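First comes the structure, then the notes that go with it.
Everything numeric in this text was worked out from a predicted model, so none of it was measured. For reference, positions follow the sequence shown, starting with 1.
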Amino acid sequence: MARLPLEKIRVLDLTRVLAGPFGSQVLADMGADVIKIERPVVGDDARIFGEPYLRDAEGRPTRENAFYMSVNRNKRSVALNIASARGQELVRELVKSCDVVMENYKVGDLKRYGLDYESLKAVNPRIIYCSVTGYGQDGPLATKPGYDAVFQGECGLMSVTGVPEGKPGAGPMKVGPSIIDLFTGLNVANAILAALYHRDAAGGEGQYIDIALLDCGVSALSHYAQIYLTSGEVPVRRGTQGNGGMPTSMFPCSDGAIMITSGNDKQYIALCDAVGHPELKNDPRFYTNVERVKNRDEITEVFNAIFQTNSVDYWLEKLGAAGIPSGPINDLEQVFAYPQALHRGLRVRAPHPLKPDLDVIRSPLNFSETPITDYRAPPMLGEHTRDVLAQELGLDAAALDGLAEDGII
């Protein structure tokens, strides 16, 4: 079997819910040995976020829910009470053989347990320690709690998402997925990889990484944020309209809707021919992209009327033949039945102890020499506790039984 890119890296993951676990899952997909520390009995908070739950072979619901499973594949779960002195001691012992520690506790919480960066650096000077918080380790809001939806509002994302002013249903809108958590998780993985490179390839040392959801949310606004910084103008909500090439929008058809991006003048000319309205190429309001952007509402209304005259399939065939970037508005059932998604294998099998035919999302990372080919199911709470503590710390059955009796594991 081909080796994975991070096969020799070990991560001790103290994160919970979504942002941190998503970041550690990226590392786990690439072969890192991610040891997930969870509270005994309760586990990661994500486990109690509600339905839908995985059903076993007899159709009975289990405690394994979809939210938790979405960000915890390819990991090992150790149920360990880090609020106890013995639990803290076991964490410090595990850190000796780890490359990375990840945590998303409130600022200063883990210092009480002797599990902060300085304490663990004393145990393992090469450790890379990544803290994920809402607002960062300093500043007036450093101790304030928060979740993705709060940050979607605070970072400005909701202000540029939703139905435009003056239209029915106008107002800020939350993006469906917990997108700030996911952006944060990607930044977490990138930062850790950079720190590993600095340590192992550039002759550096271990270090501390401070990642904040607010920072990641503002960064993810990209051109929206830069529009404001460049011009001083506050961007507004434009619904499904784009910001660059026009017409870019969701257009209603006779039986559904399609999404189109006409990114440049060449594509606009091809679009006019494809929809049977070559006269629009010379309309002075739309002659150049600068004019089309200036008259975005007018051009959207013109093409709304055109696309409503026929079906989704009819228009997608026409647009596809003309090379116009376009596609259907798929729900998730349609996504996983989409020919390109099927070809790319975006649904993969990860046998679970309770469901041998469990499907999970494939990693989007494709390596020619170190391919990600096998997936392990998200672990059940404490599934690997005894194995990890026996293998990594040399604890025998009697010692493990004693820890269990004391509520440590």
Side-chain angles (χ1 to χ4, degrees), residues 15-26 44-51 65-68 70-71 102-109 130-191 209-244 248-250 259 296 329 331-332:
T15 65
R16 303 145 295 163
V17 189
L18 190 57
F22 183 68
S24 61
Q25 178 174 267
V26 173
D44 186 328
D45 289 348
R47 291 184 182 274
I48 59 171
F49 273 19
E51 297 179 340
N65 73 348
F67 192 104
Y68 170 85
S70 71
V71 289
M102 299 172 60
E103 61 92 7
N104 64 346
Y105 284 75
K106 292 179 183 177
V107 173
D109 264 14
C130 182
S131 291
V132 184
T133 56
Y135 301 92
Q137 296 296 306
D138 47 36
L141 300 183
T143 60
K144 180 185 173 185
Y147 283 92
D148 175 273
V150 173
F151 295 108
Q152 287 199 32
E154 282 185 305
C155 79
L157 177 61
M158 287 175 61
S159 76
V160 295
T161 304
V163 177
E165 290 299 331
K167 303 287 186 180
M173 179 68 70
K174 175 187 173 296
V175 176
S178 300
I179 200 73
I180 305 301
D181 277 333
L182 300 178
F183 282 136
T184 301
L186 291 174
N187 281 314
V188 164
N190 279 331
I209 302 169
D210 171 11
I211 302 285
L213 271 77
L214 180 64
D215 300 359
C216 293
V218 173
S219 173
L221 259 68
S222 182
H223 52 287
Y224 278 97
Q226 195 61 48
I227 286 170
Y228 170 72
L229 294 176
T230 301
S231 68
E233 297 179 5
V234 177
V236 298
R237 296 185 305 281
R238 299 199 184 278
T240 63
Q241 285 187 359
N243 290 284
T248 293
S249 186
M250 181 179 73
M259 190 72 198
R296 59 171 60 245
I329 311 299
D331 62 27
L332 268 296

* To do: Drop me the distance from I329's CD1 to M250's CE, to the nearest 0.5 angstrom.
  => 6.0 Å
* Asked: CG/L214 to OG1/T184 distance, rounded to the nearest 0.5 angstrom?
  -> 9.5 Å
* Does Y147 OH have over 12 foreign heavy atoms under 6.0 Å away? -> no
* Asked: With C155, which of V150, L221, L213 fulfils side chain to side chain contact (heavy atoms under 4.5 Å, CB included)?
  -> L221
* Can you tell if the side chain of N104 reaches within under 4.5 Å of the side chain of R16, non-hydrogen atoms only? -> yes
* Is the closest side-chain heavy-atom distance between V132 and M102 below 4.5 Å? -> no
* Asked: Any donor and acceptor pair, going by atom type alone, linking the side chain of E165 with main-chain N or O of R237 inside 3.5 Å?
  -> no
* Answer whether the closest heavy-atom distance between the side chains of Y68 and I48 falls below 4.5 Å. => no
* Roughly how far, to the nearest 0.5 Å, is OG of S159 from CD of E154? -> 12.5 Å
* Does the side chain of L18 reach to within under 4.5 Å of the side chain of D148, using non-hydrogen atoms? -> no
* Under 3.5 Å donor-acceptor, T230 side chain and Q226 backbone -> yes
* Asked: Would you say Y224 and N243 make side-chain contact, with heavy atoms under 4.5 Å?
  -> yes
* Asked: Above 12 or not: heavy atoms from other molecules or residues under 6.0 Å from CE of M259?
  -> yes
* Asked: Going by atom types alone, do E103 and S131 pair a side-chain donor with an acceptor below 3.5 Å?
  -> yes
* Asked: Roughly how far, to the nearest 0.5 Å, is CD of Q25 from OG of S70?
  -> 7.0 Å
* Sub-4.5 Å side-chain heavy-atom contact between F49 and V17 -> yes
* Asked: Testing T161, I180, L182 for side chain to side chain contact (heavy atoms under 4.5 Å, CB included) with V175, which one passes?
  -> T161
